[in-house]
Amino acid sequence: MSGRTCLIIDHVVVGKHGCATTCDGLVRCHVQGVGERMGSPVESNAAEDRFDWFCEAVSSEVMPVMLSTRHTTDFRASIADLDLGVVRLSTVACSPVLSRRTMAHVRRGDPEHLQLALITQGAFSISQRGSETVVAGGLVLTDTSRPSEGTSIGGHVETVVLQIPRPALVLRPDRLDRLLAKSMTADAGSGAILADFMGTLRTNGPSCRAQELRAMGSIALELATAFLAQQLGDPGEAPAEARAQEIRQRIYRFIENNLGDPYLTPQVIADRHNLSRRGLYALFGDQDLSIAAHIRQSRLERAHADLAVRELSGQPVQAIAARWGFSSATAFSRAFRESYGITPTEHRALSLLPTARKAQKPCTPGTLPRSIQP
């Protein structure tokens, strides 16, 4: 098999997932967009479908990108994804591949994430923003909003990737740009602590409850922020607005982790973060929602989601409301109807209808099925 890459593809065979085999045997797959999560490992698929499956899975878990490999007949890969609330943790293991993300791919789909990757097996070459490095056993930062190129060096590669939304990091973007595609050590100091924590999440995270995972996500973000600040050389320095944003993000995470506490109030939040109540209100004065409104909306969103879960259909509506901090059934029902236009009971009934019936006609408060009309 030739080692060159065809610049002009004159003979192609297009697979059912949009992959093409070039004249030198290199298989390319243009991943078109972001879809639903692919959950089954490549090993379970037929040989001819493995690389196609991998391309779809990357589309689902990461971003649009062009992938290439010469190992379609013996390709092996697996992808696991863990939702940690404010961040996500993805584990990708695969046979040698080349990935290329252009501005066309960025325009097609951009999660606007900074990806902090720990290379746990093998070596990987990555280039972005004029910088290029080879990482083996260390950490590397990339930006999904910029073109990049990466390739496996040698054999099988495994990476654990912390996907961080840009707004969640309080460090200045222009300073973070200095770290893109730079190899950073993971065997000492804050890098070792972060790497160990990412490894522990990968191993034990799937057995945790959603609320526990959200708390772990907050810790992961704090560790990543401290590590990146250390790499920049000034972990104690931050502009006033960045410090204010950091405090806001910390408060949001505290709220997220304590929504089930009916006694969670602005005063409690202020006391916990060594602020006066007036100082707390000033901190959030330019935000879309006040602290009290944010707590209320977050609780309603959690209850709204739980009421649509079939496995929870045996639990009373009030039990779900209480789980998310509503101590009064009347107040919960009123707040729910104000936000969603229907009562919690109506929402549950509509959500649990068979898919075919729900697809027949959109339901609004005026077109509810007769059995659940108020």
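Distance CZ/Phe227 to CD1/Ile193: 11.0 Å, rounded to 0.5 Å. Summarising the geometry, atom CE belonging to Met184 is positioned 10.5 Å from atom CG belonging to Leu118; distances are rounded to the nearest 0.5 Å. Within the model, atoms CG of Leu139 and CG of Asp187 stand 10.0 Å from one another, a figure rounded to the nearest 0.5 Å. Atoms CG and CZ, from Leu312 and Arg323 in turn, are 5.5 Å apart once rounded to the nearest 0.5 Å. Annotation: the span from Met216 atom CE to Phe197 atom CZ amounts to 5.5 Å, rounded to 0.5 Å. Summarising the geometry, atom OG belonging to Ser125 is positioned 4.5 Å from atom CD belonging to Glu132; distances are rounded to the nearest 0.5 Å.
The shortest distance between side-chain heavy atoms of Thr343 and Val317 does not fall below 4.5 Å. Looking at Val268 and Asn258, their side chains never come closer than 4.5 Å, going by heavy atoms from C-beta outward. Looking at Arg302 and Asp306, their side chains never come closer than 4.5 Å, going by heavy atoms from C-beta outward. The shortest side-chain heavy-atom distance between Ser298 and Trp324 does not fall under the 4.5 Å cut-off. Contact annotation: the side chain of Tyr340 never approaches that of Glu346 to less than 4.5 Å [non-hydrogen atoms, C-beta and beyond].
A search for ring pair (Phe, Tyr, Trp, His ring centres under 6.0 Å) contacts involving Phe124 returns nothing, not counting sequence neighbours. Legend: residues meeting side chain to side chain donor-acceptor pair (under 3.5 Å) with Ser339, ordered by chain and number and at least two apart, are absent.
Of all heavy-atom pairs spanning Ala123 and Ala136, the tightest one is CB-CB, 3.9 Å. Closest approach of Arg202 and Pro206 over heavy atoms only: O-CD, 3.7 Å. Between Ser313 and Leu352, the closest heavy-atom pair is CB-CD1, 3.6 Å. Considering every non-hydrogen atom in both His156 and Ala93, the closest pair reads NE2-CB, 3.6 Å. The two residues Ser218 and Val86 have their closest heavy-atom pair at N-CG1, 4.1 Å. Annotation for Ala220 and Leu162: closest pair O-CD2, 4.0 Å, computed over non-hydrogen atoms.
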Residues Glu222, Arg253; criterion side-chain contact (heavy atoms from CB on, under 4.5 Å); working and verdict:
CA-CA 11 Å; Glu222 294 280 0; Arg253 293 193 291 270; 2.5 Å; yes
Verdict with reasoning, Met66 to His105, per side-chain contact (heavy atoms from CB on, under 4.5 Å)
CA-CA 8 Å; Met66 186 186 78; His105 292 112; 4.0 Å; yes
Would you check, one step at a time, whether the test salt bridge (charged side-chain N to carboxylate O under 4.0 Å, His left out) holds for Arg166 with Asp177?
CA-CA 12 Å; Arg166 264 197 173 275; Asp177 285 348; 3.6 Å; yes
Audit row: Ile295, Ile269, side-chain contact (heavy atoms from CB on, under 4.5 Å) steps and yes/no
CA-CA 11 Å; Ile295 294 172; Ile269 294 169; 3.7 Å; yes
Step by step, work out the side-chain contact (heavy atoms from CB on, under 4.5 Å) result for Leu176 and Leu180.
CA-CA 7 Å; Leu176 284 169; Leu180 296 178; over 6 Å; no
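Few gaps surround CG on Asp74; more than 12 heavy atoms of other groups in view lie less than 6.0 Å from it.
Checked by atom type and distance alone, the side chain of Ser183 never pairs as donor or acceptor with a backbone atom of Thr133 at under 3.5 Å. Under the 3.5 Å distance criterion, the side-chain polar atoms of His113 are left unmatched by any main-chain donor or acceptor of Ile164. The backbone N or O of Leu169 sits nowhere less than 3.5 Å from a side-chain atom of Thr225 that would complete a donor-acceptor pair. Using modelled atom types, no side-chain atom of Asp110 and backbone atom of Val106 make a donor-acceptor pair closer than 3.5 Å. Gln163 places no side-chain N or O within donor-acceptor distance of the main-chain N or O of Ser90, the cut-off being under 3.5 Å. In this structure a side-chain-to-backbone donor-acceptor pair under 3.5 Å is missing from Arg248 to Phe284. Under a 3.5 Å cut-off, the side chain of Gln315 and the backbone N or O of Ile320 do not form any donor-acceptor pair. Using a distance-only test at 3.5 Å, with no hydrogens or angles considered, a donor-acceptor pair links the side chain of Ser207 to the main chain of Asn204. In this structure a side-chain-to-backbone donor-acceptor pair under 3.5 Å is present from Thr69 to Pro96. Under a 3.5 Å cut-off, the side chain of Arg101 and the backbone N or O of Val65 do not form any donor-acceptor pair.
Using a 30° and 60° split on the angle between ring planes, His347 and Phe336 fall in the tilted class, from 30° to 60°.
Under the 4.5 Å side-chain heavy-atom criterion for grouping Ile, Leu, Val, Met, Phe, Trp and Tyr, Val140 is not connected to Val160 through any hydrophobic cluster. Taken together through direct or relayed side-chain contacts under 4.5 Å among Ile, Leu, Val, Met, Phe, Trp and Tyr, Val135 and Leu141 form parts of separate hydrophobic clusters. Val157 and Leu89 fall into different hydrophobic clusters, where Ile, Leu, Val, Met, Phe, Trp and Tyr side chains are chained together by heavy-atom contacts under 4.5 Å. Hydrophobic cluster membership differs between Val161 and Leu82, with clusters built from Ile, Leu, Val, Met, Phe, Trp and Tyr side chains linked at under 4.5 angstrom. Residues Leu289 and Leu283 do not share a hydrophobic cluster, defined by chaining ILVMFWY side chains whose heavy atoms lie under 4.5 Å apart.
With no hydrogens or angles considered, a side-chain donor-acceptor pair links Thr120 and Glu158 at under 3.5 Å.
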